*Asks:* 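Take a look at this one; I'll ask things after.
Here is the naming used below: chain letters follow the sequence lines, and residue numbers restart at 1 for every chain. Predicted model, so just to flag it, every value in this text is computed and none were measured.
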Protein chains: 2
Amino acid sequence: MAYTVGQVAKAARVTVRTLHHYDGIGLLSPSGRTPAGYRRYDDADLERLQHIRFYRELGFPLEEIAVILDDPDADPAAHLRRQHDLLSGRIGKLQEMVAAIEIAMEARRMEINLTPEERFEVFGDADPEEHAEEARQRWGDTEAYRVSTRRAASYSKEDWLRIKTEQDNWGRRIVAALTAGTPADSAEAMALAEEHRQLIVRWFYDCSYEVHTGLADMYLADPRFTAYYEKIAPGLAEYLAEAIHANAISRA
Amino acid sequence: MAYTVGQVAKAARVTVRTLHHYDGIGLLSPSGRTPAGYRRYDDADLERLQHIRFYRELGFPLEEIAVILDDPDADPAAHLRRQHDLLSGRIGKLQEMVAAIEIAMEARRMEINLTPEERFEVFGDADPEEHAEEARQRWGDTEAYRVSTRRAASYSKEDWLRIKTEQDNWGRRIVAALTAGTPADSAEAMALAEEHRQLIVRWFYDCSYEVHTGLADMYLADPRFTAYYEKIAPGLAEYLAEAIHANAISRA
DNA sequence: CTCCGGCCTGCCGCGACGTGAGGGTCAAGC
DNA sequence: GCTTGACCCTCACGTCGCGGCAGGCCGGAG
C-alpha cells in the first residue's frame, strides 16, 4: 500500500505542508519516491505519523517526538501504554480545572470573593495549550453560547432582589428543618436540597445531580464555603451536604 | 491593591516578558504606571489575566481572547459557564482518545490489525495541542516509564508462547462453561472473567475493573472484536461481557 | 554612595507550520 | 496527440507567541 502526500494528509488530517515539514526535518521521511520525485508513503509511515500526531496533540515538541519514536526500547505496545497514561493525566488535570471553575461559580453565587492568589491556584504547575479549532467551532458563534451569555448578562436590579429573596426564603426553611431535627435523608430535607439545586439551575448555571453532589462535598472540604453555611446556622453545611447526597441518590 | 509586573508574573505563573507582550498588543494593559514608568496592575487586571490564561490554556489565539473578553454581552458568570462547557468538551474528547487507545491495545492483544483509516479515527475532527511541560516532567525521564517500557519490550519468544498457552487454556475453560450452560453471573463465570482481566494485567497493561467493563462493552459494540470471540464459540462475546460486568460489580 | 535586584524599551530568534510563487506530472476526456 | 485541471515539487518569506539578551533607568538597604 503506497500513498501520495495528499492521500496521507487527508487521512491523517494534516496539511501537505506539514508532511513536507516533517520530511524536511527528518521526522517522517516517506519510505520512497516515484521517478518523478513524488513522495510515496507506506503503512509503516502511516503508523509513525499516527504516533507523531498523537504526541503532537499532547503538546510534545517535534524534536522530542523523534527521540521517543526512535527509542529502540519502546515497542508499539509500550507507546500505547504511555499514551494511555498521558491521557489519564491530562483528563485528571482538566477535571481539577472543572472543579476549580465550579468553586469559582459557587463563590460568585455566594458572593465570597477569592483572593488574587486563589484565582491562579487552578493553574497549578503545568501549562497545556491547544489549538482552538474545535473550540472556535463549538463556541465562537453558536446560538447556545449567545443564549448562555444572555442569561446572566441581563440580570436587572429586580432580578437580583428576587434571587436574594428566594435564597433567604429557602434558607429559613432549611434552618427550620435542621433545628426541628428533621433527618437529612427525610423527604422534606431532600426536597429542600432539590430546591437548592433548582435555584442554581434557574438563576445561575446548569447543575446536574453529579455537579450538585460535588458542590456538597466542597461545602465540607473548603473552609470558605463551610463558613458561609455555618454562619447561617451551626451544622447547616453538613446537614445540607447530606441532604444533597440523599436527594441525588434517590433520583438516580 | 497594586502589583508590579514581577509580582503579577509570579502569581499568574507567566514570565514578565509575556506580560510585556500582552501589554504590547493591547490585550492586557496595566491600569496605570508609576512616575518612573513602571507598570502597575490592579485586581481587575489580575482577573482579566486569569481569564486570558484560561483561554490560552485551551488554545485560543490571543486575538480571539481579546474579542471574547471585550464582548460587552459576557459577564464574569457567563465566562465561567463557557469555560466549564469548554472543559467538559475537552474531557470528552480525551476520553474518546482513551477509548481509542484501549481499542488499539486490545486489537494488538488479539492480533487484529487496524486499517490505516481506522488508525486515524481517533483524531476525529479537532486538534488540540499542548505545551508539554507537564508531560515532560511526568514522562520524559521517570522510572515509571522505563519500567513500563521494559515490560513489553522484553518479551521473548518463550514469553509469547507462554502467553498463547495461557490464553488458549483460559479459552477452553470459558467455552466449556458456556456450553455447559453455566450462568454468566455464576461464581465460576465471574472467576473466568477475573482471570481474563488478570491475564491482561500480567502481560499487557494495567486493566482496572472500570477499563475491563469498558472492554466488555466494546466486545459487543465493535464487530471486529465480536467476531474474534464468536469465532471461538457462538455466544461467547456476550457471555464474556456479561461475566465481566457481573465480576466488576461484585468487586466494587 | 554604591550595590543589587527589578524595571524599562528595543530587537533578534525560534518552533511549527501557513502561504504563495514558479514550475513539473499525470490521468481523463476530446 | 493534446489540452485541462488536479496534484506534486522546491524554494522562500510570513505569522504567532513568546524567549532571551542588550543597554540603560529606578529604588531601597547598607
*Asks:* What I'd like to find out is whether the side chain of B:Asp85 reaches to under 4.5 Å of the side chain of B:Arg82, using heavy atoms alone.
*Replies:*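 Not touching, per the 4.5 Å side-chain cut-off.
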*Asks:* Taking 4.0 Å as the cut-off, does a side-chain nitrogen or oxygen of A:Thr4 come that near to OP1 or OP2 on D:dC8?
*Replies:*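 So the side-chain polar atoms of A:Thr4 do come within 4.0 Å of the phosphate oxygens OP1 or OP2 of D:dC8, strictly under.
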*Asks:* In whole angstroms, how far is the P atom of C:dC17 from the CG atom of A:Leu49?
*Replies:*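 One finds 11 Å between P of C:dC17 and CG of A:Leu49, rounded.
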*Asks:* From the set D:dC18, D:dC8, C:dC17, return the single nucleotide nearest to any side-chain atom of A:Val5.
*Replies:*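 Shortest atom-to-atom distance from the side chain points to D:dC8.
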*Asks:* Show the nearest heavy-atom pair for residues A:Thr213 and A:Ala248, with the distance to one decimal.
*Replies:*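 Looking at all heavy atoms of both residues, the shortest contact is CG2-CB, 3.3 Å.
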*Asks:* Atom CD of A:Glu64 and atom C1' of C:dG15: how far apart are they, to the nearest Å?
*Replies:*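 Checked: the CD to C1' distance equals 13 Å.
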*Asks:* Base contacts versus sugar-phosphate-only contacts with protein, heavy atoms under 4.0 Å: please encode nucleotides 1-6 of chain D as B, S and - from 5' to 3'.
*Replies:* ------
*Asks:* Once you round it to whole Å, what is the distance between P of C:dT25 and CZ of A:Arg39?
*Replies:*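 That distance rounds to 15 Å.
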*Asks:* Please name the pair of heavy atoms, one in B:Arg40 and one in B:Pro30, separated by the smallest distance, quoted to 0.1 Å.
*Replies:*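 Scanning both residues completely, I find the closest heavy atoms to be O-CB, 3.4 Å.
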*Asks:* I need the residues from residues 19-38 of chain A with at least one non-hydrogen atom less than 4.0 Å from DNA chain D; give them sorted by number, or say none.
*Replies:*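 Heavy-atom contacts with DNA chain D come from A:His20, A:Arg33, A:Gly37, A:Tyr38.
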*Asks:* Roughly, in whole Å, what's the span from NZ in A:Lys10 to C1' in D:dC7?
*Replies:*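 One finds 12 Å between C1' of D:dC7 and NZ of A:Lys10, rounded.
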*Asks:* Starting from C1' on D:dC11, measure out to CZ on A:Arg17 and report it in whole angstrom.
*Replies:*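 That distance rounds to 10 Å.
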*Asks:* If I take atom CG from residue A:Leu27 and atom CG from residue A:Leu69, how far apart are they, to the nearest 0.5 angstrom?
*Replies:*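 The distance works out to 7.0 Å.
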*Asks:* Could you give the CD-to-C1' distance, from B:Gln7 to C:dC7, as a whole number of Å?
*Replies:*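 That distance rounds to 12 Å.
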*Asks:* Would you please name every residue forming a side-chain contact (heavy atoms from CB on, under 4.5 Å) with B:Ala36, sequence neighbours left out?
*Replies:*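 side-chain contact (heavy atoms from CB on, under 4.5 Å) list for B:Ala36, sorted by chain: B:Thr34, B:Tyr38.
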*Asks:* Take the protein atom CZ of B:Arg13 and the nucleotide atom C1' of D:dG19, then report the distance between them rounded to whole Å.
*Replies:*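 From B:Arg13 CZ to D:dG19 C1': 20 Å.
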*Asks:* If the cut-off is 4.0 Å, is B:Thr15 near the phosphate of D:dC18, judged by side-chain N/O to OP1 or OP2?
*Replies:*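 For B:Thr15, the contact criterion (side-chain N or O under 4.0 Å from OP1 or OP2 of D:dC18) is not met.
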*Asks:* For B:Phe60 and D:dC16, give me the distance from atom CZ to atom C1', rounded to whole Å.
*Replies:*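 Interatomic distance, CZ of B:Phe60 to C1' of D:dC16: 16 Å.
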*Asks:* Among B:Asp42, B:Asp70, B:Asp43, find the one that has a salt bridge (charged side-chain N to carboxylate O under 4.0 Å, His left out) with B:Arg48.
*Replies:*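 One option only clears the test, and that one is B:Asp70.
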*Asks:* Would you say that B:His79 contacts B:Tyr55 through its side chain, given a criterion of any heavy-atom pair below 4.5 Å between the two side chains?
*Replies:*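 The answer is yes; the side chains approach within 4.5 Å.
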